[in-house]
Amino acid sequence: MSRYNHREVEPKWRERWTRAGIDRALSPEEARGKPKAYILEMFPYPSGRIHVGHSRNYAMGDVIARFRRANGYNVLHPMGWDAFGLPAENAAMEKGVHPKNWTYANIEAMRGQLKLLGLAIDWERELATCDPSYYKHQQTMFLAFWKKGLVYRKKQKVNWDPVDQTVLANEQVVDGKGWRSGAPVETRELEQWMFRVTAYADDLLDAIGSLDKWPDKVRLMQSNWIGKSHGARFKFDIVDSEAKIDVFTTRPDTLFGASFVALAPDHPLTKEIALRKPEVAQFIEACAHLGTSEADIEKAEKFGVDLGLKVRHPFDPSWELPVWGANFVLSQYGTGALYGCPGHDESDHAFASKYKLPILPVVLPPGADEATFSVAQEPFVGDGVAFNSKFLDGLPSREAIARAIAELEKLGAGEATTQWRLRDWGVSRQRYWGCPIPAIHCAKCGVVPAPEKDLPVALPEDVKFDKPGNPLAHHPTWKQVDCPQCGGKAERETDTLDTFVDSAWYFARFADPQNEARPFDKKLANYWLPVDQYVGGVEHAVLHLLYARFFTRAMRDCGYLDSPADGEPFKSLFTQGMVVHETYKSASGQWLLPEETELKDGARIDVATGQAVEIGAIEKMSKSKKNVVDLDAFVTDFGADVARWFVLSDSPPERDVEWTASGVKGAWGFVQRVWTLVDAHGRPAPEPDEAAPAMQGEAHALRQLAHRAIQHVTADIEHFRFNVAVAKCYELVNAIAKLKGDDEAAVFARGEALRILTQLISPFMPHLAEECWERLGFEPFAASAPWPAADPELAARNTVTLPIQVNGKKRAEIEAAKGAAEAEVREQALQHPSVAQFLAGQTVRKVIVVQDRIVNIVAN
RNA sequence: GCGAGCGUGGCGAAACUGGUAGACGCAGCGGACUUAAAAUCCGUUCGCCCAAAAGGCGGUGCGGGUUCAACUCCCGCCGCUCGCACCA
């Protein structure tokens with residue numbers, strides 16, 4: 001009897017796998033007709049070290065990758081590093097390390113840690129986005145996009161992060177704060193590089209419908225983000241002026257309920273009037289001081305100022321409406337101006353109530369009475385029937401909208417339009433540690449592309465981080481260059497690309513990561529894409545996934561790839577839950593690592609001081625709260641398999657799992673138990689196709705259970721029900737342990753069950769599986785063995801236990817042949833003694849027999 | 001405010017298209033082995049009634065409904081989580 005020693009076993013098998021090269025993805029030619037499966041986990045940012053919390057994401061992808069491989073797929077399961085980004089520069093400033101050295105040292109450390117997990121990854125395809133051999137191609141594509149009109153420059157108000165000293169995309173502003181720094185965002189006007197994401201707005205929205213293997217939640221979030229609304233855009237003529245005010249509305253049917261027009265504080269007209277009207281200038285000033293955080297918005301009252309202008313109603317030139325500046329009008333949405341219809345819009349109602357503007361009802365809710373219906377207290381925002389609206393009267397809202405638009409078009413005042421919430425993606429970042437934008441500014445020629453032969457435009461390495469701002473711009477010589485057009489003195493663009501650009505196409509690069517001439521070979525990309533299974537956190541539901549969808553379309557339209565033709569990079573997406581852990585705080589208020597505490601007499605104490613520890617919320621493992629469990633130490637103590645098994649076993653994969661000592665203990669115990677059983681069996685297991693000796697009783701029952709387990713676990717892995725698959729494995733182990741005896745039948749059944757168990761746990765605990773595989777007399781690898789096939793006859797049930805209910809309450813059980821005739825089952829049920837007892841003195845009204853399921857007798 | 005999801009034992013959770021609620025794990029309890037502990041193994045565990053067994057009653061956040069049958073479907077509440085946030 002030998003105890004399972006993971007410290008020897010795990011490294012041994014990893015070494016053998018590597019030597020045999022079993023994790024290498026085959027070329028399309030080598031694959032010879034095998035179907036392909038591209039399994040990918042969102043690649044990590046090399047922040048320093050990996051903790052067990054990170055492992056869940058990779059463990060899930062690895063289960064799928066190994067499962068697909070066992071099922072005969074040519075699997076691509078690569079790993080890379082999202083390696084550009086601010087933390088490297090912060091480290092440079094804090095510790096004086098060069099971002100490059102810091103990043104590569106982290107990659108080195110994290111690669112070693114990831115390898116400890118025994119992931120079936122094709123490491124030959126590893127890439128880092130900060131490597132010039134990677135970003136060179138990104139620059140090439142940037143130029144191609146530029147040529148195609150998908151890249152442009154625009155002077156724009158931008159979100160400026162005062163702490164990180166850089167521009168942020170709208171998507172990176174969370175509650176008015178920088179997503180990374182947490183500092184309140186300011187606005188600045190800057191010349192920006194933009195990606196024309198809106199060129200694909202319609203397609204990006206429509207295609208969401210075809211992403212049936214994405215979580216509904218993510219699809220909804222993307223739809224909302226893109227935010228398409230249909231409506232009308234039209235002009236109001238300003239009284240005593242040639243000028244007009246352009247507005248957007250989704251409800252032109254309520255035009256006869258208009259009582260004012262409102263402009264955004266930074267609308268050009270508002271600003272113009274502010275020059276001569278101090279109260280308007282004051283209003284603008286007041287708006288600028290309003291915070292944009294959640295709390296601020298909630299308590300921000302609507303306010304405005306009368307601009308002193310009048311406009312004519314498009315349907316009735318004699319009807320004049322006042323023009324106001326209002327704080328609730330957004331300059332970035334629509335035209336930055338709207339007409340207020342207080343009767344049928346919440347904001348307009350609040351505004352009109354405050355400033356005593358007319359509130360007119362023009363839409364009658366279904367069932368309401370025209371004579372008594374009022375909107376004085378509450379606006380009605382739903383659909384109904386137009387009234388008080390001249391030629392619209394009597395039309396249902398939908399028709400009234402169409403009719404109103406037709407009228408606006410006839411008058412030449414406006415037209416139907418579509419409005420998007422989605423805006424183009426500003427990608428300029430005033431940082432050093434990012435992909436340089438391959439453009440040159442020439443005083444004579446303007447902004448010109450860097451010549452393709454000069455790519456990559458590489459980052460200089462001799463940079464200083466001694467002052468705030470962009471070190472590239474401060475570099476003494478780097479930006480000096482000759483204009484490729486006129487040959488005169490010119491300057492390089494010093495902005496770098498948002499790191500979300502790097503991650504918007506890395507999955508395509510994995511198809512052909514060593515290609516020097518091109519981003520990737522078209523044929524290879526066509527072969528591997530789309531990613532069949534993508535696994536990552538929900539936090540990327542909008543940003544990364546939207547950008548990747550945009551990029552794939554842009555790459556397709558610039559001729560880099562043909563497939564996926566629909567431009568969808570990720571066929572199936574799974575968003576996994578986090579690993580959470582209790583947080584601990586010392587008496588002095590410092591966060592403590594779990595290992596800095598211990599349980600003593602049921603209370604948790606600080607090891608250093610012996611004082612009680614304050615136990616905080618159970619949160620996502622994070623460095624800042626120190627509620628992390630280091631991977632290396634854990635693997636040394638318990639092994640990678642225990643970590644993998646545990647993070648997949650306790651909770652459904654989409655839900656968070658709490659890392660607990662007892663859970664670890666359970667997984668550890670299971671590993672030992674499996675090994676003990678295999679080891680104790682002490683002889684080779686039968687080959688999968690070996691004929692079984694005749695048997696009945698417990699041995700036969702074990703065979704049945706094992707073959708059913710194959711069916712269950714197979715379906716569970718397919719459907720991402722890892723926790724249920726794990727439970728089935730426990731069940732199988734319990735059954736194997738129960739079967740005693742050393743006769744031929746028992747030995748066969750046990751050996752077969754152990755072989756099946758080994759194969760079923762192999763995607764989850766690959767090291768243990770190999771050790772068992774070898775002990776059972778197989779070679780070379782459990783990891784390369786075909787997935788076990790269930791014998792349909794064994795897995796099938798020939799008898800079923802049927803519950804018998806009387807009036808919906810279970811009273812008895814009977815054994816019946818599977819598929820037994822209804823009449824037979826019915827008789828058996830009615831005659832059952834405990835059923836008869838309940839039927840005494842009652843009349844049977846009805847007997848419901850659901851085949852192989854249940855019998856219900858209705859009596860009274 | 002709008003939208004989505006969730007709510008099941010002491011805990012994490014199972015339950016396929018409505019068909020035996022609580023699989024499996026943790027913790028607990030009892031036992032075996034041990035001088036003892038750890039480890040391991042075996043048994044047991046939703047609550048209530050009954051001395052116990054047999055058995056019965058109740059039970060999936062709350063209140064109603066549909067159905068022979070509801071964790072599952074419908075209506076109305078309550079609570080939690082996430083996303084969006086003055087989008088005209």
Side-chain angles (χ1 to χ4, degrees), chain A residues 3 174-176 215-225 227-229 231-232 247-252 254 261-262 264 292-294 297-298 300-302 326-330 332-341 344-348 350-351 381 419-421 538-539 541-542 645-646 649-652 654-658 660-667 669-670 672-673 676 712 715 719 721 723-734 737-738 801-813 834 837 845-859:
Chain A
R3 206 171 159 75
V174 180
D175 292 341
D216 289 343
K217 180 185 168 143
V218 174
R219 297 204 289 171
L220 188 73
M221 282 166 72
Q222 292 231 346
S223 300
N224 290 343
W225 190 266
K228 183 180 189 175
S229 33
V247 300
F248 170 75
T249 179
T250 55
R251 293 293 301 270
T254 64
V261 165
T292 43
S293 77
E294 196 175 319
I297 287 169
E298 216 151 294
E301 205 177 310
K302 296 193 177 11
N327 67 330
F328 68 93
V329 183
L330 302 172
Q332 314 95 309
Y333 186 77
T335 60
L338 56 84
Y339 78 85
C341 176
H344 303 281
D345 180 273
E346 304 268 2
S347 312
D348 297 350
F351 192 76
V381 299
Q419 187 63 43
W420 303 89
R421 215 190 79 109
V538 243
E539 65 274 19
V542 179
W645 187 253
F646 174 53
S649 65
D650 251 24
S651 292
E654 67 278 7
R655 226 178 284 177
D656 289 348
V657 62
E658 190 189 348
T660 57
S662 58
V664 168
K665 204 180 136 198
F670 183 70
Q672 296 302 331
R673 193 148 184 247
T676 306
H712 279 122
H719 295 103
R721 294 187 300 241
N723 55 325
V724 187
V726 162
K728 286 288 163 198
C729 291
Y730 275 108
E731 220 172 313
L732 181 55
V733 164
N734 290 341
K738 254 199 185 96
T801 308
L802 293 180
I804 313 299
Q805 298 181 332
V806 177
N807 292 328
K809 281 187 202 291
K810 185 188 155 196
R811 298 302 178 188
E813 273 180 0
S834 32
Q837 186 190 327
R845 300 286 170 195
K846 203 171 171 187
V847 179
I848 291 131
V849 179
V850 183
Q851 199 175 60
D852 300 337
R853 273 264 144 87
I854 201 165
V855 179
N856 192 11
I857 300 165
V858 186

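Please read all numbers here as calculations on a predicted model, not as lab measurements.
Between the C1' atoms of rU60(B) and rG18(B), the separation comes to 15 Å (whole Å). Between rA13(B) and rA23(B), the distance separating the two C1' atoms is 10 Å to the nearest Å. Between the C1' atoms of rU81(B) and rC68(B), the separation comes to 38 Å (whole Å). Going from the P atom of rG64(B) to that of rG3(B) covers 27 Å, rounded to whole Å. Spacing between rA39(B) and rC33(B) at atom C1', rounded to whole Å, works out to 11 Å. Comparing the C1' positions of rG76(B) and rA53(B) gives an interatomic distance of 45 Å, to the nearest angstrom. Using C1' as the reference atom, rG59(B) and rC46(B) are 8 Å apart when rounded to the nearest Å. With both ends at atom P, the span from rA70(B) to rG19(B) equals 11 Å, rounded to whole Å.
For R673(A) and rC41(B), the shortest distance from a side-chain N or O to OP1 or OP2 is below 4.0 Å. OP1 or OP2 of rC57(B) sits under 4.0 Å from a side-chain N or O of R811(A). Checking the phosphate oxygens (OP1, OP2) of rA14(B), a side-chain nitrogen or oxygen of N723(A) falls inside 4.0 Å. Phosphate proximity of rC68(B) to K846(A): present, with a side-chain N or O under 4.0 Å from OP1 or OP2. In this model, the phosphate group of rA69(B) is not approached by any side-chain N or O of R853(A) to a distance below 4.0 Å at OP1 or OP2. At the phosphate of rA27(B), OP1 or OP2 sits under 4.0 Å from a side-chain N or O atom of K665(A). Put simply, Y333(A) has a side-chain N or O that comes within less than 4.0 Å of OP1 or OP2 on rA88(B). Between R421(A) and rA85(B) there is a side-chain polar atom (N or O) within less than 4.0 angstrom of OP1 or OP2.
Taking every side-chain heavy atom of K809(A) into account, rG58(B) is the closest of rA15(B), rG58(B), rA69(B). For A737(A), the side-chain atoms get nearest to rC42(B) when compared with the rest of rA13(B), rC42(B), rC86(B). With rC42(B), rA14(B), rC86(B) as the choices, the nucleotide that has an atom nearest any side-chain atom of L330(A) turns out to be rC86(B). You'll find that the side chain of K810(A) is closest to rU20(B), out of rA88(B), rA14(B), rU20(B). Candidate nucleotides rG19(B), rU20(B), rA88(B) were compared by shortest atom distance to the side chain of T801(A), and rU20(B) ranks first.
The heavy-atom pair separating L802(A) from R853(A) by the smallest distance is CD2-N, 3.3 Å. Among all heavy-atom pairs drawn from W645(A) and A667(A), the shortest one is CD1-CB, 3.6 Å. Here the closest non-hydrogen pair linking D348(A) and C341(A) is OD2-N, 2.9 Å.
Counting non-hydrogen atoms under 4.0 angstrom, K738(A) reaches the backbone sugars and phosphates but no base. Contacts of V329(A) with the nucleic acid, taken as non-hydrogen atoms under 4.0 Å apart, include base atoms. Backbone-only engagement by Y730(A) is indicated by non-hydrogen atom pairs under 4.0 Å involving sugar-phosphate atoms exclusively. The residue N734(A) sits close only to the backbone: its heavy atoms come under 4.0 Å of sugar-phosphate atoms, none of a base. Using a 4.0 Å heavy-atom distance criterion, Q805(A) is classed as a base contact. Using a 4.0 Å heavy-atom cutoff across all strands shown, E813(A) reaches at least one base atom of the nucleic acid. Residue contacts shown for V850(A) include a base, since a base heavy atom lies under 4.0 Å away. Residue L220(A) is classed as a sugar-phosphate contact, given heavy-atom separations below 4.0 Å to backbone atoms only.
D216(A) has its CG atom 15 Å from the C1' atom of rC6(B), to the nearest Å. The CD1 atom of I848(A) sits 7 Å away from the P atom of rC68(B) (whole-angstrom rounding). The distance from atom CD of E654(A) to atom P of rG83(B) is 17 Å, rounded to the nearest whole Å. Note: CG (D852(A)) to C1' (rC16(B)) measures 15 Å, nearest angstrom. At whole-Å resolution of the value, CG in N807(A) and C1' in rA70(B) are 16 Å apart. Distance H344(A) NE2 to rA88(B) P: 16 Å, rounded to the nearest Å. The distance between atom CE of M221(A) and atom P of rG83(B), rounded to the nearest whole Å, is 7 Å. Note: CD1 (I854(A)) to P (rA21(B)) measures 7 Å, nearest angstrom.
Here CG of D345(A) is found 8.0 Å from OG1 of T254(A). Values are rounded to the nearest 0.5 Å. Once rounded to the nearest 0.5 Å, the distance linking OH of Y730(A) with OG of S649(A) reads 5.5 Å. Expressed to the nearest 0.5 Å, how far CG of L330(A) lies from OG1 of T335(A) amounts to 11.0 Å. For the atom pair T249(A) OG1 and Q419(A) CD, the distance stands at 11.0 Å (nearest 0.5 Å).
In this structure rG9(B) sits in the syn conformation; its chi angle is within 90° of 0.
By the ring pair (Phe, Tyr, Trp, His ring centres under 6.0 Å) test, F646(A) is found to be paired with W659(A), residues two or more places apart in sequence or in another chain being considered.
Annotation: cation-pi pair K302(A)/F351(A) absent, no NZ/CZ under 6.0 Å from the ring centroid and within 45° of its normal.
Considering N856(A), I854(A), V855(A) in turn, I854(A) is the only one that fulfils the side chain to side chain contact (heavy atoms under 4.5 Å, CB included) rule with P803(A).
In RNA chain B, the stems built from three or more successive Watson-Crick or G-U pairs (distances below 3.5 Å) are B:1-7 with B:78-84, B:10-12 with B:24-26, B:28-32 with B:40-44, B:46-49 with B:55-58, B:61-65 with B:73-77.
If you check distances only, the side chain of K217(A) never reaches the base of rC82(B) with a donor-acceptor pair under 3.5 Å.
Nearer to the 5' terminus of RNA chain B, by closest-nucleotide assignment, is the contact made by S651(A) (compared with the other of T249(A) and S651(A)). Projected onto RNA chain B by closest heavy-atom contact, D348(A) and N224(A) fall at different nucleotides, the more 5' of which corresponds to N224(A).
Proximity of N807(A) to V858(A): side-chain heavy atoms (C-beta onward) are separated by under 4.5 Å at one or more points.
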